[in-house]
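Written below as structure tokens is the structure these notes are about.
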Amino acid sequence: MDEFIAGLPKCELHLHIEGTLEPELSFELAKRNGLTLPHRTVEEARAAFTFDSLTTFLVGYYEGMNVLLKEPDFYDLAMAYLAKAAAQNVRYAEIFFDPQAHTSRGVPFDVVIRGLRRAVLDAERLHGVRAQLIMCFLRDFSAGYAMATLLESLPYREWIVGVGLDSDERGNPPAKFEKVFARAREEGYLLTMHCDVDQEDSTEHIRQVLQVIGVDRIDHGVNALDDPALVEEIKRRGLGLTVCPVSNGFVTDGSKADAIRRMLDLDLRVTINSDDPAYFRAYVAENLQLVSDELGLSREDLVRLERNAFEIAWLPRAVKDAFLTELDTYARSSR
Ligand code: HPA
Ligand code: ZN
């Protein structure tokens, strides 16, 4: 199954570019920018990074970003991820970025977006992997700051396919950003939001993303299974869910593989993704492997997970179809 997973054409839809910052690159960027890191070696840095909840994870995640200052830093970060993704046969990735995690430190929006955009273009040419960017607002900052960030993004509208919402969900419900997302929709952005797993008010937040925000996709969203009415509505709208098994194991109590099985059985458009692979030490292939091991997935199940992902990807129909044909050809040839 390892070999089948390795060759499987993949589509990654839940990936924070800042969560791909490996300690090796951190040290390189720190040196380049004349900064001193709190740890002396890569091994020390890895060992020191421990967490057991979304809140404690986010502390280290934001601290890690301090080495990202200049346009080439963002370029190198995204190129490193895209090269690794291509090596795992990721054919297409939708990449989250957190502009406010940088503008709040004095790094201009323009620096962030130009570095990432240049990497997206070069990676397609050099590694044959296609990607698009999704701008996330930080939900623990104000709605006003999110709106200002949305307006700041408009000159780069063509480089960004949609907007999302991430960071600490506790006390920061989707409805807080109703106006921001309504405006984003008017500007032609597609909409997604994190509904992290086993949060306080998880099911109420999923209700809000459906009824108040009107999202085009849900990130995580595993707790929808707690309420049959939510499952029904997600199915009715054909919405996809971007589940991140290894990440779940860190921030809650296990991979939620059983929930993924239930979602497949309910015919929900569930997908498997890596979230913050440098911190969780698992890129998308390792996430697929974990679920496959825990559930004893068949090849057909694995193909179905990737088919779901290409189907819900924010791509024109003809491009999706080309990827789906590639996936079908692989499935047939490795029977
Ligand atoms: N949830 C919320 N915020 C995040 C995450 C996540 O999984 N990863 C990076 N920022
Ligand atoms: Zn996430």
Geometric class of the H220/H194 ring pair [parallel <30°, tilted 30-60°, perpendicular >60°] | perpendicular
Any donor and acceptor pair, going by atom type alone, linking the side chain of Y189 with main-chain N or O of L150 inside 3.5 Å?
-> no
Hey, is K31 close enough to E28 for a salt bridge, meaning N to O under 4.0 Å?
-> no
Show the numbers, then the answer: is there a side-chain contact (heavy atoms from CB on, under 4.5 Å) between I312 and R217?
-> CA-CA 8 Å; I312 67 164; R217 179 186 298 164; 4.0 Å; yes
Before accepting this row, confirm whether a basic side-chain N of the pair E22/R281 lies closer than 4.0 Å to the acidic partner's carboxylate O.
-> no
ILVMFWY network linking I95 to I218, side-chain heavy atoms under 4.5 angstrom | yes
Ignoring hydrogens and geometry, is there a side-chain-to-backbone donor-acceptor pair from R118 to E71 under 3.5 Å?
-> no
Would you say the side-chain atoms of R170 pair up with the backbone N or O of E200, donor to acceptor, closer than 3.5 Å?
-> no
Salt bridge check: are D267 and R304 linked by an N-O gap of less than 4.0 Å?
-> yes
E94 side-chain N/O to W314 backbone N/O, donor-acceptor pair under 3.5 Å | yes
Hey, what do you get for CE (M65) to CD1 (I17), rounding to the nearest 0.5 Å?
-> 11.0 Å
Output yes when D122 and R125 qualify as a salt bridge under the 4.0 Å nitrogen-oxygen rule, no when they do not.
-> yes
Using the ring of each side chain (for Trp, its six-membered ring), is Y156 parallel, tilted or perpendicular to W159, with breaks at 30° and 60°?
-> tilted
Do we see a donor-acceptor contact under 3.5 Å between the side chains of Y62 and E18?
-> no
Do E187 and R157 meet the salt-bridge criterion of a basic N to acidic O distance under 4.0 Å?
-> no
Is a side-chain N or O of N33 found less than 3.5 angstrom from the main chain of V67, in a donor-acceptor match?
-> yes
Heavy-atom nearest pair, D276 first then H16, reads OD1-CB, 3.3 Å
Between P245 and L290, which heavy-atom pair has the shortest distance, and what is it?
-> CB-CD2, 4.1 Å
Between D227 (side chain) and A229 (backbone), is there a donor-acceptor pair under 3.5 Å?
-> yes
Geometric cation-pi criterion R114 and F74, 6.0 Å radius, 45° cone = no
What pair of heavy atoms forms the shortest contact from T149 to M135, and how long is it?
-> CG2-SD, 4.2 Å
What's the shortest heavy-atom distance between N223 and T203, and which atoms?
-> O-CG2, 3.5 Å
Can you tell me how far the CD atom of E12 sits from the CD1 atom of I272, to the nearest 0.5 Å?
-> 10.5 Å
With distance as the sole criterion, is a donor-acceptor pair present between the side chains of D166 and Y61 under 3.5 Å?
-> no
Any chain of hydrophobic side-chain contacts (each under 4.5 Å) joining Y145 to I213?
-> yes
Any sub-3.5 Å donor-acceptor pair from N89's side-chain atoms to G7's backbone N or O?
-> yes
Taken to the nearest 0.5 Å, the spacing of F49 CZ from F280 CZ works out to 7.5 Å
What are the two closest heavy atoms between A143 and V180, and how far apart are they?
-> O-CG2, 3.6 Å
Distance (rounded to the nearest 0.5 Å) between D73 CG and L25 CG = 8.0 Å
Between the side chains of H205 and E169, is a donor N or O closer than 3.5 angstrom to an acceptor N or O?
-> yes
Under a 4.5 Å cut-off applied to non-hydrogen side-chain atoms, are L295 and D301 in contact?
-> no
Electrostatic pair R236-E233, nearest N-O below 4.0 angstrom = yes
First locate atom CD1 of I260, then atom OG1 of T271, and finally report the distance between them rounded to the nearest 0.5 Å.
-> 9.0 Å
Report the distance from atom CD1 of I206 to atom SG of C195, rounding to the nearest 0.5 Å.
-> 5.0 Å
Going by an N to O cut-off under 4.0 Å, is there a salt bridge joining R139 and D196?
-> no
Check F4 against Y330 and note the closest heavy-atom contact, atom names and distance.
-> O-OH, 2.6 Å
Without swapping roles, check the side chain of E286 against the backbone of Y283 for a donor-acceptor pair under 3.5 Å.
-> yes
Decide, yes or no, whether a salt bridge links E311 with R317 under the criterion of side-chain N to carboxylate O below 4.0 Å.
-> yes
Indicate yes or no: does R307 engage D328 in a salt bridge with an N to O separation below 4.0 Å.
-> yes
Okay, side chain of N273, backbone of L13: is any donor-acceptor separation there less than 3.5 Å?
-> yes
Can we call the ring centroids of F250 and F57 under 6.0 Å apart?
-> no
